[in-house]
Amino acid sequence: MEKILKKFGELFSGQPSLYASPGRVNLIGEHTDYNEGFVLPGAIDKAMYLAIKPNHTDTINVFSLDYNQMVSFVPLREKLDEHWANYILGVVMELRETGALAGGFDGVFGGDIPLGAGLSSSAALESVFAFALNDLFGLNKSLAQLARIGQLAEHHYAGVRCGIMDQFASLHGQQGKLIKLDCRSLEVEMIPFDPQKAGYRLVLIDTMVKHSLASSEYNVRRQQCEAGVAVVKQKYPQVHSLRDISLEMLHDSKHLMETLVLKRCEYVIEENQRLHQACQAMQNNDLETFGKMMFGSHEGLRTKYEVSCKELDFLADLAAEYPGILGARMMGGGFGGCTINLVSEQAHDGFIDQAKTKFLEKFGQEPKVYDVVISDGARKL
Ligand code: GLA
């Protein structure tokens, strides 16, 4: 935060307001959000920070500490050359679409969420701006509405037809609680989650593989899910999304479906079931079953949804063989980024050492490791 304030002082005048919005993890329920299913994310103790002040003009001046770059623009529909600035433009334009007008402002932002690691640094960026503008300009949007605005900014200004999980988690996070979100109704159940109490920690291992396929393949997966729904709809006209479809219904129509589409749909339906089983297990304080569901999720993402990669598979396999690791899986859109691991205190150091050494041997570079704690969502500082 100090660096951000210092930069603000160098570039602009006056006293800014300060905001933060965090990255997220997702324990289980991957690629279910845009199928109107359930997810189980939580905000983490790594965030995007923003110093911002209205400048009473039409112009937006923003400086990114990570890119060491300043961009000034009057928000119009045209995209900007700087990739990162489009997230901000997107938020301003999507707010405007809802009738909410934010004026010009000066801002400096940066943070400690590793970029491209599947921890939703871009959703945190959208969320911190949406939250701050809502507050500064009195726009009266609910957190859920702000999440939708961030999601649409991603659709229209970054070209990824993402679900609502990342922005929702960044805005709604609460310390020590996971968010069981029904992505159809946006109904929320906050589930207390304190693995440390039971002797476990949440550890992320970053393959450092940047998910270059992520946006194109992501959109393809969405289309495949929609194609599956369209086929099932012929027999069951009442269905609206994979959320409404059981495995039996899907298999009823399988002769009309491409094999690939069938596999993708099976994964999503099974992942939703796993999430419910995992939540049930958590209620019974049965972290072992919870962990098994995480491994099951990885297997589905690897073999049926096919969004994993060899580095992620290697780390998930390593975790499956190591005593004291209850569960592990790839997290987020896929094709790179992190695995999320539920690791016992006793196994913690040994497992991390082994993961680093073996990964280095195999892929020629050490993965990065982050211990994460479930923390609060967007806030004014
Ligand atoms: C990305 C998207 C989310 C979600 C996950 C996969 O993080 O932004 O909406 O679909 O992938 O679960």
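Counting convention: from 1, in listed order, for ligands and their atoms alike. Please read these numbers as outputs of a predicted model, since none were measured by experiment.
- Each of the atoms 2 (C), 8 (O), 9 (O) of ligand 1 lies under 4.0 Å from some heavy atom of Cys162.
- With salt bridges taken as basic N to acidic carboxylate O contacts below 4.0 Å, one links Arg264 and Glu306.
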Name each donor-acceptor pair under 3.5 Å that joins a side chain in residues 101-111 to protein atoms two or more places apart or in another chain, with its distance.
residue : atom : partner : partner atom : Å
Asp106  : OD1  : Asn55   : ND2          : 2.9
Asp106  : OD1  : Asn61   : ND2          : 2.8

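- When hydrogens are left out, the protein atom nearest atom 10 (O) of ligand 1 is Tyr218 OH, 2.5 Å; that is the closest non-hydrogen contact.
- With distances taken over non-hydrogen atoms, the option nearest atom 12 (O) of ligand 1 out of His31, Arg222, Gln167 is His31.
- Within the listing of ligand 1, atoms 6 (C), 11 (O) sit less than 4.0 angstrom from a heavy atom of Gly332.
- Heavy atoms of Arg161 come nearer than 4.0 angstrom to ligand 1 in no pair at all.
- The contact set between ligand 1 and Gly163, taken as ligand atoms under 4.0 Å from a residue heavy atom, comprises 9 (O).
- Closest to atom 3 (C) of ligand 1 among all protein heavy atoms lies Asp33 OD2, 3.3 Å.
- Of all atoms in ligand 1, listed by their number and element, those nearer than 4.0 Å to a heavy atom of Tyr34 are 10 (O).
- Each of the atoms 1 (C), 7 (O), 11 (O) of ligand 1 lies under 4.0 Å from some heavy atom of Gly333.
- Residues satisfying the ring-ring contact (aromatic ring centres under 6.0 Å, His included) criterion with Phe314, sequence neighbours excluded, are Phe363.
- For ligand 1, the atoms closer than 4.0 angstrom to any heavy atom of Arg24 are 7 (O).
- For atom 5 (C) of ligand 1, the nearest protein heavy atom (residue, atom name, distance) is Met165 CE, 3.8 Å.
- A salt bridge does not link Asp317 with Lys358: none of the charged nitrogens is closer than 4.0 Å to a carboxylate oxygen.
- At the top of the distance list for atom 7 (O) of ligand 1, counting protein heavy atoms only, stands Asp166 OD2, 2.8 Å.
- Electrostatic pairing of Glu266 and Lys263 does not count as a salt bridge here, judged by no charged N lying under 4.0 Å from a carboxylate O.
- Note that the OH atom of Tyr200 and the CG atom of Asn341 stand 13.5 Å from one another [nearest 0.5 Å].
- Comment: Arg184 engages Asp244 in a salt bridge, judged by a side-chain N to carboxylate O separation of less than 4.0 angstrom.
- A salt bridge links Glu10 with Lys7: the distance from a Lys NZ or Arg NE/NH1/NH2 to an Asp or Glu carboxylate oxygen falls below 4.0 Å.
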